[in-house]
Amino acid sequence: MAKDYNFSEIEKKWQQYWSEKETYKVVEDSSKPKFYVLDMFPYPSGAGLHVGHPLGYIASDIYSRYKRLKGFNVLHPMGFDAFGLPAEQYAIQTGQHPAKTTEENIARYKQQLNRIGFSYDWSREVRTCDPEYYKWTQWAFLQMFSHWYDKASSKARPIEQLVEIFQESGNLSVDAACGEVEQFSAEQWNEFDQQRKDAVLMQYRIAYIGETAVNWCPKLGTVLANDEVKEGLSIRGGFPVEQKKMKQWQLRVSAYAERLLSDLDSLEWTESLKDMQKNWIGRSQGAEMIFKVMNGTEEYDITIFTTRADTVFGVTFMVLAPESEWVEKLTAPEYKTQVEEYLTMAKRKTERERMAQTKKVTGVFTGSYAVNPITSEKIPVWISEYVLAGYGTGAIMAVPAHDSRDYAFAKQFNLPIIPLIEGCDVSQESFDAKEGIMCNSGFLNGMSVQEAIPAAIEKVEEMGIGKRKVNYRLRDAIFSRQRYWGEPFPIYYKDGRAVAIPFESLPLELPEVDKFLPTEAGEPPLARAKDWQYEGCPIEKSTMPGFAGSSAYYLRYMDPCNTQALVSREKNEYWRSVDLYIGGTEHATGHLIYSRFWNKFLYDIGYVCENEPFKKLVNQGMIQGRSNFVYRIKDTNTFVSYNLKSQYDTTEIHVDVNIVNNDRLDIDAFKNWMPDYQNAEFILEDGEYICGWAVEKMSKSMFNVVNPDNICETYGADTLRLYEMFLGPLEQSKPWDTKGIDGVHRFIKKFWRLFFDGEELAVAERKATPAELKVLHNLIHKIETQIESFSFNTCVSAFMIAVNELTDLKCNCKEILSPIVVLLSPFTPHVSEELWHVLGNEGSVCDAQFPVYEESYTVENSFEYPVSFNGKMRFKISLSKSLSPKEVEQAVLADPNTEKYLAGNIVKKVIVVPSKIINIVM
RNA sequence: GCUCGGGUGGUGGAAUAGGUAGACACGCAGGACUUAAAAUCCUGUGGGCAGAAAUGCCCGUACGGGUUCGAUUCCCGUCCCGAGCACCA
C-alpha cells in the first residue's frame, strides 16, 4: 500500500476511533484545573453549514485542544438553538411538524460538524426544543415571576418577602424596580381584594405582564424585542414593524441596567463590544424636575428629565410625546380638534416612516401653559413626535439655544430662543457643546457649564422641585411571541389572574395543533390546541422568544442530565463560568445582554456561583461569499470574457463559484449548469474565459455558497481547518476564496513527507542537530504566544516556515518530529493522530503534553544591533555567535566605529536592551 | 449626527514598549522531471533608475503636517472604507 497522504482514509479511521473510545468525553476532575470553551450554538437551518459557519468553531476547537495539551480539564460542548422562526415558517408552508424538520436538520449539522473533526463531548449535547431542556427555561421563568428586584440591596428577592413587607408597612419603605404603583400603607394593603393585590404584585415581579408600546410585526403576526428590529424592519424576514400598545409578558431587564453596565469592566471582552453594550444600556446622568402646568383651572405637576439642568433659564416651551398620558389632560378644549388630528397622523405612521422623516419638524400646541419653576415664567406646552414616550418621562423642557432638536422646533413654530452662554451665536444653529461661561442665568451666571450643572441640580433639590436622576435607554424585554415553535409559558389564568403552574408539573410540553397559523380570531397558534388547560383553566397561549432558550444553555452543559436542577451546585462550582466564548458580534445587544441578565438573576437567588457568565469573549468575523460573474451580450446567448466586456453592451450574471477556478470559467461545466446555456457561445481572451468577481453575502441566490463537505471531500478536514485559520485574523470579516487552499494542502503533504520516503517510514532514532533543535524551539515559542493571543493565521505561517526549514535540513529525527506532531495536533487533528501512532505512541495525541520551550536552543547566532549614544542613534554593529550581554558590551567597545563616536568621552555604562538596541551612556 | 474599528504589492495578509517594511501563502513568469497531463521540485516577483552581471542608488505602508538620529507604528489635521447606535432630552 502506498504511503501517500491519504486524508480520506485517515480521517475516517480516526473519527471512528475517537467516537468509539469517547476520547473527548469529559468528567469533573478536581485534580486538574478546569477550562470551559464555548461556541455560540447554531440554529440548525435547512440549508446546512457553509464554510463560514465553522470559522469560530475551528478556532475554539484549536484552543480547546491546546488547553488539553497544557493539562487542563476542558469542557467543550455543542448543542442546538432549535426553536425559531424558519422551522415554523416551513411548517406553515408544508404542514410538516417543526420538531421533525428540526430533528433532521440537527442530524445533518452533527454529521457535518463531526466530519471537520471537532473535539466536542456529544454526551453533553443540549437542544432548546427538548422538553427535558426547556423545563429549565420554564423553571427560570417561574423564578422570575416569583421574585422582585430590591434596589436597596441591589438584588432579586422572593415575592413572599415583599408581601410580608406590605403587610407590615405598606410600600412606602420599599425601593424596588417596578412599574407605576400608588403608595399604600399596611392597612390599605390588607384591605385590598385579591385582584388588587395581584395587580400590585404584578408591577413588582421580574417577569410580569405589562402594557407598553411594543414592536408589532403584522406580517409575522407577533411582537418583537428591540434587538430583533433594525431600521423599522424585522431582522427575520425584513417586514415592517409598527408601534402598538399591547399587554405582554416582559422581563425586568432594566432593573439590572446599572450592574450590566458596571460589571462590563470585569470582563475580557473587546472594547468595541463593551462599547456596543454601553451604548445599548445608555446610562445618562441628570435630574428630574417638576413643572406646574395649568389647563384652565386644573393644575398638574409634570416631571421632566434633563441632563442639562444648567440650562433651565433658557426653557421657552415644553414638549410632550404624542403617546404621553398627559396629552389628554393638558389639551385645552379649543385645541382638541387639532391635537386629535395630529395624534392620528402620528399614530398612522410606521416606525420606518417616522425615521425617514426625522428632519421634518412636526408638532401641535396643547393650549396649556407651564410655569418654569426657577424663573416662574409662563411657557407653552406642545406635543411633538421628536419626544419619545419610552424614554425619561415622555416630557421635556425645551432649551432651543442649546439643543439642536429644540432649536429646529423653535424655528419652525417661532418660539423664543434665549442664549445662555457668553459669546455663543445662536442665530443659525444651537450651541450644544457643554462648555463656556453661563449668562442670562441668574445664580448660575459666571460659572462654567461643568460647574453649573451640579449647582443647578443642587438648587433644584434644595427647592424641592426635583432630584438627581440616572436614566437608562435599556428597556424591559418583551417576552411573549404569538407563535407556535417556542417554549410554552408555565402560566394559567384563573378568574383572569395569572397563576404559576407548579414546578412538579413541568415540563409543560407543546401541544399538538392542526395548523401552525394564528386562529381566525387572531389568537396565537396555541389557541388551536385542544385541552390547552391546566386544572380546567386556560393556559397562556403565547410562547417564549428565541433568546429564552439560549440564555442559560452554558449552565446546562455543566450537568446536562440532571433531572432535579438546571445544574447541581457541585458541578456549577467546578465549571463555574465560561472561560472562553467565541461567537459573532450580531449578538452584542441581544443574547449577550439577556444571558448576562439571566445569569445575574440566578446568581442573586443563589443558583449559580458566578456573577458573569462569559469571562473572555472573542468575536470571529463573518466569512462573506466571493461571487463570480459572466457577461452576456444583451439579447444573445454569447458571453464575453471580463476584460473585453467594455466593448459590448452586456448583462452581469451570477455564475456558480463551484464551476469557476481561479476566476477562469469551466466552459463545459457552464454549458451543463443550466439548460439555457447549453448552446452558449463565448468570446475568449487568450483562449480562456475570465470571470468578474465581487464580495457579497454568502447565499444560494448568488451562487457563491461553498459547502465544507465538498472541501473535505477534495482536500480533507485538516486542510479545511488550516485554511480557514490561514485566511486572516479571526476577528476580521473576509471573503471566502477557495483559491489558495492548495497552499495549505501542500503544506500537509510536505509535512507528511518528513515522515515517509516514498512508501517507507523514514524516521530515525538519532540525536537532533542544533539547527533542528533551533527550528523546533522557535516554533514552540511562536505557537505558544500566538495561540494565547488568538492569532491563528500566524501560527499556520509559523508551521509552514518550520516545515520548510526541516525539509531543507532533511530532518528525519524523531526527537524533533514527535513534538511537532503534538504542536500541530490542535490544528490538524486527523493527520497528527495518524503520525502520532506511526511514531509508535499509544493512546491519543490529545493526551500528549505540550512540548516545553527551551530558550537556550533559539539564541541568535548572528545579528545586527543598532547602537545609540545617550539615546542618539549613531551606527549599527554586526555580531556573530551567541554572546552574553557582557560579551556584547566588549564587542561594542572593541568596534572601531565606537571609538570614532566616543571622541574622547568616557563610557559610564553600556546597556544591552533585548529590543535589539544597545545604549551607551557617556 | 454620535461612538468604535480600519486603510501596507496583482491578491489574502506578516511586522508596532518606534529599530533592515512586505514574513508566509496565493497568483503570475521562467525552468527541471514527464510521450503528455497531474503531482513534485527549483528560480524570479513593490515601483523607478544605473549596470553585461554580481550589485548599487532613489521612492514607497491612504493624504498633508509634527515629534524623533530613526515613524507602517506616536501626535495633529484631511480623505476614504467598515461596524454599531440614532430625534435618548
Side-chain angles (χ1 to χ4, degrees), chain A residues 4 226 230-231 270-284 286-287 304-309 311 315 318-319 321 354-355 357-362 384-388 390-399 402-406 408-409 432 471-475 585-586 588-589 619 621-622 626 662-663 693 722-723 726-729 731-747 749-750 753 786 791 793-804 807 863-876 913-918:
Chain A
D4 255 354
N226 279 355
K230 204 178 157 190
E231 288 171 1
T270 57
E271 282 309 311
S272 72
L273 195 80
K274 287 187 191 177
D275 282 342
M276 265 193 236
Q277 290 213 340
K278 281 179 193 162
N279 288 338
W280 188 259
I281 295 167
R283 184 183 202 270
S284 72
I304 59 94
F305 174 74
T306 180
T307 54
R308 294 293 302 274
T311 59
V315 177
M318 248 182 94
V319 190
R354 259 198 183 194
M355 284 174 178
Q357 299 170 358
T358 44
K359 292 282 170 287
K360 215 173 128 195
V361 181
T362 65
S384 175
E385 283 183 291
Y386 85 89
V387 176
L388 305 175
Y391 185 78
T393 61
I396 62 154
M397 63 176 212
V399 186
H402 302 289
D403 182 290
S404 52
R405 294 152 304 175
D406 297 346
F409 195 83
D432 291 13
N471 242 316
Y472 300 91
R473 210 188 68 107
L474 184 73
R475 319 280 174 83
T585 10
E586 66 271 21
T589 53
N619 290 118
M622 282 240 277
R626 186 181 189 276
N662 198 11
D663 290 338
W693 61 275
L722 222 43
Y723 185 54
F726 188 63
L727 270 177
E731 303 84 352
Q732 198 173 299
S733 284
K734 56 232 162 201
W736 176 270
D737 189 358
T738 305
K739 151 182 122 183
I741 197 167
D742 288 309
V744 290
H745 191 59
R746 239 169 251 159
F747 157 74
K749 287 199 271 191
K750 209 165 179 179
R753 282 199 300 271
Q786 306 287 25
S791 185
N793 54 329
T794 48
C795 282
V796 180
S797 295
F799 279 126
M800 290 179 171
I801 294 168
V803 167
N804 283 342
T807 305
F863 49 94
E864 193 173 80
Y865 274 158
V867 179
S868 73
F869 291 82
N870 279 353
K872 304 281 178 192
M873 237 318 269
R874 288 305 146 107
F875 64 92
K876 284 174 186 166
V913 190
S915 66
K916 295 192 195 171
I917 304 171
I918 296 167

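Please read all numbers here as calculations on a predicted model, not as lab measurements. Chain identifiers are assigned alphabetically (A, B, ...) following the order of the sequence lines, protein sequences preceding nucleic acid strands; residue numbering begins at 1 within each chain.
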On a whole-Å scale, what distance lies between the C1' atoms belonging to G13(B) and G84(B)?
26 Å

What does N793(A) touch in the nucleic acid at a heavy-atom separation under 4.0 angstrom: a base, only the sugar-phosphate, or nothing?
sugar-phosphate

Atom pairs, protein N/O to nucleotides 31-33 of chain B N/O, distance under 3.5 Å:
none

Calculate the interatomic distance between L722(A) atom CG and C24(B) atom P; express it in whole Å.
16 Å

In whole angstrom, give me the gap between the P atoms of U35(B) and A21(B).
48 Å

Can you tell me the distance, in whole Å, between the NZ atom of K278(A) and the P atom of A86(B)?
18 Å

Can the ring centroids of W280(A) and Y472(A) be said to lie less than 6.0 angstrom from one another?
no

When you measure from the side chain of D432(A) to the backbone N and O of S404(A), does any donor-acceptor pair fall under 3.5 Å?
yes

Glycosidic torsion of G9(B) (syn if within 90° of 0, anti otherwise) classifies it as syn

State whether S404(A) places a side-chain N or O below 4.0 Å from either non-bridging phosphate oxygen (OP1 or OP2) of G1(B).
no

For F726(A), answer base if it contacts any base atom (sugar-phosphate contacts may also be present), sugar-phosphate if it contacts only those atoms, and nothing otherwise; contact means non-hydrogen atoms under 4.0 Å.
base

List the residues meeting ring-ring contact (aromatic ring centres under 6.0 Å, His included) with F799(A), not counting sequence neighbours, and say none if there are none.
F827(A)

Just to be sure I understand the rule, does N471(A) reach a base, reach only the sugar-phosphate, or reach nothing, if contact means heavy atoms closer than 4.0 Å?
nothing

When the P atoms of G9(B) and A62(B) are considered, how many whole Å apart are they?
8 Å

Any side-chain N or O of Q732(A) less than 4.0 Å from the OP1 or OP2 oxygen of A83(B)?
no

If you measure from CD1 on I741(A) to CG on L727(A), what distance do you get to the nearest 0.5 Å?
8.5 Å

Touch check for I396(A), heavy atoms < 4.0 angstrom, all strands: base, sugar-phosphate only, or nothing?
base

Among all residues two or more places apart in sequence or in another chain, which pass the ring-ring contact (aromatic ring centres under 6.0 Å, His included) test with F747(A)?
none

Expressed as a whole number of angstroms, how long is the span from M800(A):CE to A14(B):P?
14 Å

With rounding to whole Å, what would you report as the distance between U45(B) and U11(B) at their C1' atoms?
13 Å

So what's the dot-bracket for RNA chain B: Watson-Crick or G-U pairs under 3.5 Å, [ ] if a pair crosses, | if it pairs off-strand?
(((((((..(((......[....)))((((((.......))))))(((((....)))))..(((((..]....))))))))))))....

Between C1' on C87(B) and OH on Y386(A), what's the gap in Å once rounded to a whole number?
9 Å

Can you check whether Y391(A) has a side-chain N or O nearer than 4.0 Å to OP1 or OP2 of A89(B)?
yes

To the nearest angstrom, the OH-P distance between Y723(A) and C24(B) comes to 18 Å

Listed pairs, N/O of protein and of nucleotides 43-45 of chain B, under 3.5 Å:
none

S272(A) meets the side chain to side chain contact (heavy atoms under 4.5 Å, CB included) criterion, sequence neighbours left out, with T270(A)

Taking only residues two or more places apart in sequence, or in another chain, which ones meet R746(A) in a side chain to side chain contact (heavy atoms under 4.5 Å, CB included)?
D742(A)

ring-ring contact (aromatic ring centres under 6.0 Å, His included) partners for F409(A), two or more places apart
F317(A), W382(A), Y386(A), F413(A)

Polar-atom pairs under 3.5 Å, protein N or O versus N or O of nucleotides 38-40 of chain B: list them with distances, or write none.
unit_1: U40(B); atom_1: OP1; unit_2: K749(A); atom_2: NZ; d: 3.4
unit_1: U40(B); atom_1: O3'; unit_2: R753(A); atom_2: NH2; d: 3.3

Residue set satisfying side chain to side chain donor-acceptor pair (under 3.5 Å) with R626(A), at least two apart, ordered chain then number -> D663(A), D737(A)

Could you pull out the protein-nucleic contacts involving nucleotides 2-10 of chain B (nitrogen or oxygen on both sides, under 3.5 Å)?
none

Separation of the C1' atoms in A14(B) and G65(B), to the nearest angstrom
29 Å

Validation row: H745(A), Y723(A) side chains within 4.5 angstrom (heavy atoms)
no

Mind checking the P distance from G44(B) to A54(B)? Whole angstroms is fine.
11 Å

Rounding to an integer number of Å, can you tell me how far R473(A) CZ sits from G84(B) C1'?
10 Å

Check every strand shown and say whether P735(A) touches a base, only sugar-phosphate, or nothing at a heavy-atom separation below 4.0 Å.
nothing

Assess, by modelled atom type and distance only, whether the side chains of T585(A) and N619(A) contain a donor and an acceptor separated by less than 3.5 Å.
no

Pick one: which of T393(A), I304(A), I396(A) meets side chain to side chain contact (heavy atoms under 4.5 Å, CB included) with V387(A)?
I396(A)

Expressed in angstrom and rounded to an integer, what is the separation of M276(A) atom CE from G82(B) atom P?
16 Å

Once you round it to whole Å, what is the distance between C1' of G84(B) and CD1 of I281(A)?
14 Å

Earlier contact from the 5' end, RNA chain B, for W280(A) and G394(A):
W280(A)

Please tell me whether S791(A) and T794(A) have a donor and an acceptor in their side chains that are separated by less than 3.5 angstrom.
yes

Nearest heavy-atom pair of M397(A) and R308(A): which atoms, and what distance?
CE-O, 3.6 Å

Taking the P atom of each, how far is U61(B) from G56(B), in whole Å?
22 Å

Which nucleotide, C87(B), A15(B), C24(B), lies nearest any side-chain atom of N804(A)?
C24(B)

Interatomic distance at C1', G77(B) relative to C28(B), whole Å:
40 Å

Mind checking side chain to side chain contact (heavy atoms under 4.5 Å, CB included) for K750(A) and listing every partner two or more places apart, or none if nothing turns up?
R753(A), V803(A), N804(A), T807(A)

Return no unless some side-chain N or O of N226(A) is found under 4.0 Å from OP1 or OP2 of C85(B).
no

